[in-house]
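Comments concern the structure below.
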Amino acid sequence: MRIDLHAHSTASDGTDTPEELVARAAAQGIDVLAITDHDTAAGWHAAEAAKPAGLTIVPGVEMSCVHYDEDGKRTSLHLLAYFVDAEDEALHAEWARLRESRLHRGEAIVDKLVAAGYPVSWQQVTELADGGSVGRPHIGRALVDSGVVPDVNAAFRELLNSRAGFYIRKADTDVFDALRLVRHAGGLPVFAHPIARRRGPIVSDDVIAAMTQAGLVGIEVDHPDHDADDRAHAAALARDLGLIPTGSSDYHGSNKTTDLGACTTSNESWERLIALPAARSPMR
Ligand code: AMP
Ligand code: ZN
Ligand code: FE
Ligand code: FE
């Protein structure tokens, strides 16, 4: 089976609608696809309604989280919440707060770019996001449309990455609060791209152990932002901590060069995941 447990649609910063996403998955011979937009479950319904025969859809949400160590050092990190009850009041409120924070922060980044003379506008960005969770890829796309950079990747490399002068933080959820919220809402939390160093600082193995104590069930091992050493390290961590190792493309349509199924999850990990009790079931 080909199992891809992390993909974005136009409900956040992907470029395929949920309908296009599930059609593409089926066309590429994928058997199981998770739709995991940033801080929203808005794409689930359309994905399920358009589900081609033979494709299994996993409802998921990728939550933007933050961890502060004892020295106050801040690390941002992403949790995938699978099979979670999207109607859970506390979680629903937290996602709404995160999306609101994305709006203010997106506008503030655009303000900085405009102040530096770049020909982009907030209106351009909100039109591109079209009601979905706003993210830096939308700003990147606006920079492409305005002819500032040739592609979204260049926009990140030159202007939008977390080490660049235009970067502004979002008001993300403390990762231990997020784990509690997700578990309370019957979800299965998996740590997305835990060792993606090129995005910014990463948390230590001790933090991942503490997250496991707090209800984490898996970690992404095979991910496009992990090199061979990162994957070996994540696989060893999964073994040591009893976490389910997963693999995923983190597909974003034409906002990234990675295609669906670029990294996949083993049948064994999939069986372990769906054996755990959760609020929702796979959409078969
Ligand atoms: P944000 O959620 O607004 O902080 O933006 C982060 C998103 O940008 C993540 O979903 C990443 O997948 C995406 N991203 C990070 N680096 C790049 C890149 N070099 N090219 C395209 N997308 C990227
Ligand atoms: Zn994204
Ligand atoms: Fe992510
Ligand atoms: Fe993602």
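All residue numbers in this chain count up from 1 along the given sequence. For ligands, and for the atoms within them, numbers begin at 1 and follow the listed sequence.
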Exercise. Is there a side-chain contact between Leu188 and Leu273 (heavy atoms, below 4.5 Å)?
Worked result: yes

Exercise. At a 4.0 Å threshold, what atoms of ligand 1 neighbour a non-hydrogen atom of Pro137?
Worked result: 5 (O), 7 (C), 8 (O), 13 (C)

Exercise. Is a side-chain donor-acceptor pair under 3.5 Å present for Ser9 with Asp37?
Worked result: yes

Exercise. Nearest protein heavy atom to atom 19 (N) of ligand 1, by residue and atom, and its distance?
Worked result: Asn153 OD1, 2.8 Å

Problem set entry | N/O/S atom name from Glu62 that is nearest to the position of the Fe ion (ligand 3) | OE2

Exercise. Same cluster for Trp44 and Leu91 if Ile/Leu/Val/Met/Phe/Trp/Tyr side chains link at under 4.5 Å?
Worked result: yes

Problem set entry | The one among His138, Arg105, His6, Arg199 that brings a heavy atom closest to atom 3 (O) of ligand 1 | Arg105

For this session: Could you tell me which N, O or S atom of Asp250 is nearest to the Fe ion (ligand 4)?
Result: OD1

Exercise. Which protein non-hydrogen atom lies closest to atom 15 (C) of ligand 1, naming both residue and atom, and how far is it?
Worked result: Phe156 CE2, 3.4 Å

Seminar exercise, completed: Short version for Arg157: what comes under 4.0 Å of ligand 1, heavy atoms counted, is neither

Exercise. Side chain, backbone, both or neither: which part of His252 comes within less than 4.0 Å of ligand 1 when only heavy atoms are counted?
Worked result: side chain

Exercise. Within His6, is some N, O or S atom less than 2.8 Å away from the Fe ion (ligand 3)?
Worked result: no

Seminar exercise, completed: To the Fe ion (ligand 4), the closest N, O or S atom belonging to His8 is NE2

For this session: Below 4.0 angstrom from a heavy atom of Gly135, which ligand 1 atoms are there? Numbered from 1 as shown, please.
Result: 3 (O)

Exercise. Under 4.0 Å from ligand 1, counting heavy atoms only, is it the side chain of Lys256, its backbone, both or neither?
Worked result: side chain

Problem set entry | Option among Thr258, Asp16, Asp259 that satisfies the side-chain hydrogen bond (donor to acceptor under 3.5 Å, both in side chains) test with Tyr251 | Asp16

For this session: Check each heavy atom of Arg141 against ligand 1 and say whether those closer than 4.0 Å belong to the side chain, the backbone, both or neither.
Result: neither

Exercise. In terms of atom number and element, which parts of ligand 1 are under 4.0 angstrom from non-hydrogen atoms of Asp13?
Worked result: 7 (C), 10 (O)

Exercise. Going by atom types only, do Ser248 and Asp222 share a side-chain donor-acceptor pair under 3.5 Å?
Worked result: no

Exercise. Is the closest basic N to carboxylate O distance between Asp172 and Lys170 below 4.0 Å?
Worked result: yes

Problem set entry | Parallel, tilted or perpendicular: rings of His252 and His38 (30°, 60°) | tilted

Problem set entry | Part of Val134 with heavy atoms under 4.0 Å of ligand 1, whether side chain, backbone, both or neither | neither

Exercise. So between His38, Glu62, Arg102, Arg136, whose heavy atom ends up nearest atom 2 (O) of ligand 1?
Worked result: Arg102

Problem set entry | NZ/NE/NH1/NH2 to OD/OE distance under 4.0 Å, Asp225 and Arg197 | no

Exercise. What about His8: any of its N or O atoms under 3.5 Å from an N or O on ligand 1?
Worked result: no

Problem set entry | Salt bridge present between Arg74 and Asp174 (N-O < 4.0 angstrom) | no

Exercise. Should the pair Glu100-Arg97 be classified as a salt bridge under the 4.0 Å nitrogen-to-oxygen rule?
Worked result: no

For this session: State whether His252 contributes an N/O/S atom found under 2.8 Å from the Fe ion (ligand 4).
Result: no

Problem set entry | Nearest-neighbour protein heavy atom for atom 21 (C) of ligand 1, which is reported as residue plus atom name and distance | Asn255 O, 3.3 Å

Exercise. Charged N to carboxylate O below 4.0 Å: is that the case for Asp39 and Arg102?
Worked result: yes

Problem set entry | Donor-acceptor pair, side chain of His6 and main chain of Thr246, under 3.5 angstrom | no

Exercise. Any N/O/S of His78 under 2.8 Å from the Fe ion (ligand 4)?
Worked result: no

